[in-house]
Structure formats: structure tokens, C-alpha cells
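Residue numbers start from 1 in every chain, and the chains themselves are labelled A, B, ... in the order their sequence lines are given, proteins ahead of strands. Since this is a predicted model, take the numbers as computed values, not measurements.
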Amino acid sequence: MTYKNIGNSPIPFAPNEFAKRVINWQRQHGRHDLPWQQYNQPYHVLVSELMLQQTQVSTVIPYFHNWIVKFPDFNTLASAQEDQVLNAWQGLGYYSRARNLHRAAQFVVAQYNGQLPDSPELLREVPGVGPYTAGAITAFAFNKPAAIVDGNVKRLFARYFGIEGDLSSTQLNRKLWQLAERYTPNHNNRAYAQGLLDLGATLCKPRQPKCEECPLQKTCNAFATHRVDTLPTAKKKKQIPTKQGYFLYSLTAAGVLLEQRPSDGIWPRLWSFPELKQASHEFTEHGSFKHVFSHYRLNALVYNASSENKAERLHHTALKRVAVEDLDQVGLPAPIRKYLDTQLQRLDK
DNA sequence: AATTCGTGGCG
DNA sequence: TCGCCAAGAAT
């Protein structure tokens, strides 16, 4: 390990001292009331970890509660209908995760009789479980040693060790995992892993970190070299394109006209307003909405599809009407659900 | 290696 | 309003 010689770069704590401080801090100041911590069981840890991928804790919490009520264990989830799974996930985003979790339950039931394995290597074979999640399950569900590297750990390590450069590069990713392995304690890894995440979430935050309260401040490279605000190195962002979308809206006494989207692309397997590939003069305008995805902006135009025959003719995929009272049997994308809710509220008044 | 997967909150 | 970013994985 080489350290950039800026100012007085401190010598990092040895792994045992580092882990000891993280664990002690976690026990005194860390989070202990997160819903999934009340279980610490493999199923609950798996559910929470997949929900938490690229998603903030506060967003996940209500979904987690609802999920556990609907699908309390591996067997229940494994035998559930996909539409029910997607309905419970609707609004949470990254919908492949829902299908991965569904497949994961079926995999664990079929392969392991409902018992998750306790090693990162075997966990990696579970659908939706990557290197981070495999380590997290090993730590949280089994309290066994395994490294975790997520956004929090990357940021904390980049600052603590004074690592510059693009953290998403293969080279630095390898370095971060090596550091994470080296600093993983042989005991109490559940508290250690939770401590790393809690430090990253509450003290070593992206903006306005609270270095005064940090148990690692004394030997933090970024703190000593006044680089807390410049580490980790900001990566150059490329701007996202704007796409146009054209949807059909039709609400009758029989329900809402919907199509199930294909398994690839945006909103896979969710139910949405039927989408046209291009603008059409055959319909009148009903409304519009805008939506921002991680990789493009969507400007959507919604047509009045009073004539269902016309809609069918412009479409290859099967359309169906879903009664309003049956909308909780399918998963709707967030902006579609919003648009629909607005219309339904108008009808109630 | 680079893309493609959502959504909501916050400064 | 706008960019940032969050317990990443799959391809």
C-alpha cells in the first residue's frame, strides 16, 4: 500500500485496532432498530439486502414491512405468483431485483431445502446476489467473517486510506476488496459490517461528514491532509438523453386498459398503459407526464384510447382491462400509478 | 469495460 | 430546477 505524501499522512490503524474501534462505535452509536435487525434471519436479511441495493434505508422500510407480511418465508415467496411479487415491489424501482428475489426463494427451496448457505462463494450462486450481498448475508445472517464493499465502504476507505481515482475502475475495485478482506475481523463481523455501513451513512457521509465524532479520525488520511471534501474523487458524469413516449389511456366500467411489458427493458413484466412506438394522429390527447430514470428522461404523451379496437390494431402485444379493485393484483410503474391515481381521484369527486 | 436496469429526497 | 446519490447485479 502506498500513500500519497500530502501533508502528514498518518499511519492507519492495524486491522484489529481498526475493527475494534468500528465495533465499539457501532455498539454505542450505530443503528440497532432497523426492521431487518429484529430478525437477523437469512430470509429477512436476503429480502432486506436485495431491497437495499442502490436504495436508501428510509425508502426500503415500508416495503420491507409489507413484504414480510405478504411473504413471511422462503416457501411462501417461492410459491407466490409473479404478479403478486411485482405488486409488492411496485414503486421501489429496479424491478429485476423483485424477480431475482422470487427466483432466489425458488432456488433456495429447491437447492437447499429452504436453508441459505453461509459462505460468500455459495451465496454468489443465488439469483440477485453479487459480491457485496454475498458478504452482507454472511455477516448479518450468520455473523461470519466476509468482506463487504458497497458505496459506504468505498467512500470511507477512500477517505481513511487517502485513495484517489475512479473507485469504479477494476484496479481500485480490486484494491478496495483487498483492503476490505484484510480488515475483516474473525469475530463479531456482524457488528463490524454494520458499523462500516452506519459510519458511512451517519458520519462519513458524501456531504458534510461529521469527522468530529468519528472513531477513526485520528488516523484518517483524508482528515489529516484536508481532503475529506475532495475524496472520494468525483467521477465525471455524462448527461442523459431525453426520450419521447406515447401511451394509451382508457378507463371504462370494465377497468383500465393495460399491457404487460416485456421481460427486458424498462419496467420489465410490469403492467403499464399500452405504449406506441411513435406519435399518432388517430387519438386525441388525454394528458402527459415527465419522468426521470437513472439513464434517460422520459417525456410521455398520453392519448385518449376510447376506441379499444383502434388500440388493439396498433398493438402486437395482448391488452387487457384490469378492474380498479384488481389493481393490487399487478405491479404498476410509479409514474403510471401516479397518473392513474390522479384520474381515479377525479372520478371520486 | 461499459450499459442498463427506478425512484425519491435533498441541497 | 437540477444534479447528486443511495446496503449493486446482470449482461
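- Between the side chains of Q26(A) and H32(A), a donor-acceptor pair is found at a separation under 3.5 Å.
- Map D264(A) and Q208(A) each onto its nearest nucleotide of DNA chain B; the residue landing nearer the 5' end is D264(A).
- Remark: the separation of the C1' atoms in dC5(C) and dC5(B) is 16 Å, to the nearest Å.
- Straight-line distance between the P atoms of dA7(C) and dG11(B): roughly 15 Å, to the nearest whole Å.
- Ring pair H286(A)/Y339(A): centre-to-centre distance below 6.0 Å.
- Residues from residues 114-136 of chain A that place a heavy atom under 4.0 Å from any atom of DNA chain B: there are none.
- For residues 74-98 of chain A, the pairs satisfying salt bridge (charged side-chain N to carboxylate O under 4.0 Å, His left out) are E82(A)-R269(A), with sequence neighbours left out.
- Atom name P, nucleotides dA9(C) and dG8(B): the rounded distance is 23 Å, in whole Å.
- Nucleotides dC4(C) and dG6(B) have their C1' atoms positioned 15 Å apart, rounded to a whole Å.
- Interatomic distance, CD1 of I23(A) versus CD of Q28(A), reported as 12.5 Å (0.5 Å rounding).
- Judged by a 6.0 Å distance limit and a 45° cone about the ring axis, K320(A) is positioned over the six-membered ring of W271(A).
- Protein atom CZ of F289(A) is 13 Å distant from nucleotide atom P of dG8(B), rounded to whole Å.
- With contacts defined as side-chain heavy-atom distances shorter than 4.5 Å, the pair L197(A)/I148(A) qualifies.
- If you measure from atom CG of L298(A) to atom C1' of dT4(B), you get 16 Å, rounded to the nearest angstrom.
- Taking every heavy atom of residues 54-65 of chain A and every atom of DNA chain C, pairs under 4.0 Å involve Q54(A), Q56(A), by number.
- Residues of residues 38-52 of chain A that place a heavy atom closer than 4.0 Å to DNA chain C, in numerical order, are E49(A), L52(A).
- Taking the side chain as every heavy atom from C-beta outward, Y192(A) and F18(A) approach each other to under 4.5 Å.
- In this structure, F71(A) has its ring center closer than 6.0 angstrom to the ring center of W67(A).
- Scanning for salt bridge (Lys or Arg N to Asp or Glu O under 4.0 Å) contacts around R155(A) gives an empty result, with sequence neighbours left out.
- For residues 83-108 of chain A, proximity to DNA chain B is found at G91(A), L92(A), G93(A), Y94(A), Y95(A), defined as any non-hydrogen atom under 4.0 angstrom from a strand atom.
- Two rings, from F157(A) and Y160(A), have their centers 6.0 Å or more apart.
- Near-neighbour residues of DNA chain B inside residues 329-340 of chain A, defined by a heavy atom below 4.0 Å, number-ordered: P333(A), A334(A), P335(A), K338(A).
- In this structure, the NZ atom of K205(A) is 11 Å from the C1' atom of dC10(B), given to the nearest Å.
- Annotation: side chain of V330(A) is not in contact with side chain of L270(A) (no heavy-atom distance under 4.5 Å).
- For DNA chain C, the outermost nucleotides in 5' to 3' order that have an atom under 4.0 Å from a heavy atom of chain A are dG3(C) to dA10(C).
- Within the 4.0 angstrom heavy-atom criterion, no nucleotide atom of any strand lies near G200(A).
- Counting heavy atoms from C-beta outward, E164(A) and R227(A) have side chains that approach closer than 4.5 Å.
- Heavy atoms of Q194(A) sit under 4.0 angstrom from at least one base atom.
- Remark: D150(A) pairs with N152(A) by the side-chain hydrogen bond (donor to acceptor under 3.5 Å, both in side chains) rule, at least two apart or across chains.
- A sub-4.0 Å separation between OP1 or OP2 of dC5(B) and a side-chain N or O of H295(A) is present.
- Side-chain contact between I163(A) and L176(A) is present, with at least one heavy-atom pair separated by less than 4.5 Å.
- Among pairs with a residue in residues 34-54 of chain A, none fulfils salt bridge (charged side-chain N to carboxylate O under 4.0 Å, His left out), at least two apart in sequence or across chains.
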Which side-chain N or O atoms in residues 117-127 of chain A pair as donor and acceptor under 3.5 Å with protein atoms at least two apart or in another chain?
{"residue": "D118(A)", "atom": "OD2", "partner": "K144(A)", "partner atom": "NZ", "Å": "2.5"}
{"residue": "S119(A)", "atom": "OG", "partner": "L122(A)", "partner atom": "N", "Å": "3.3"}
{"residue": "R124(A)", "atom": "NH1", "partner": "V129(A)", "partner atom": "O", "Å": "2.9"}

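- In this structure, CZ of R261(A) is placed 13 Å from C1' of dG6(B), rounded to the nearest angstrom.
- Checked against salt bridge (Lys or Arg N to Asp or Glu O under 4.0 Å), R31(A) has the following partners two or more places apart in sequence or in another chain: D198(A).
- Between the CZ atom of F289(A) and the CZ atom of F273(A) there is a distance of 7.5 Å, given to the nearest 0.5 Å.
- Here the C1' atom of nucleotide dT3(B) and the CZ atom of F293(A) are 16 Å apart, to the nearest Å.
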Practice prompt. Please assess W36(A) against V57(A) for the test side-chain contact (heavy atoms from CB on, under 4.5 Å), listing each intermediate value before the final yes or no.
Written response: CA-CA 11 Å; W36(A) 38 94; V57(A) 168; 4.0 Å; yes
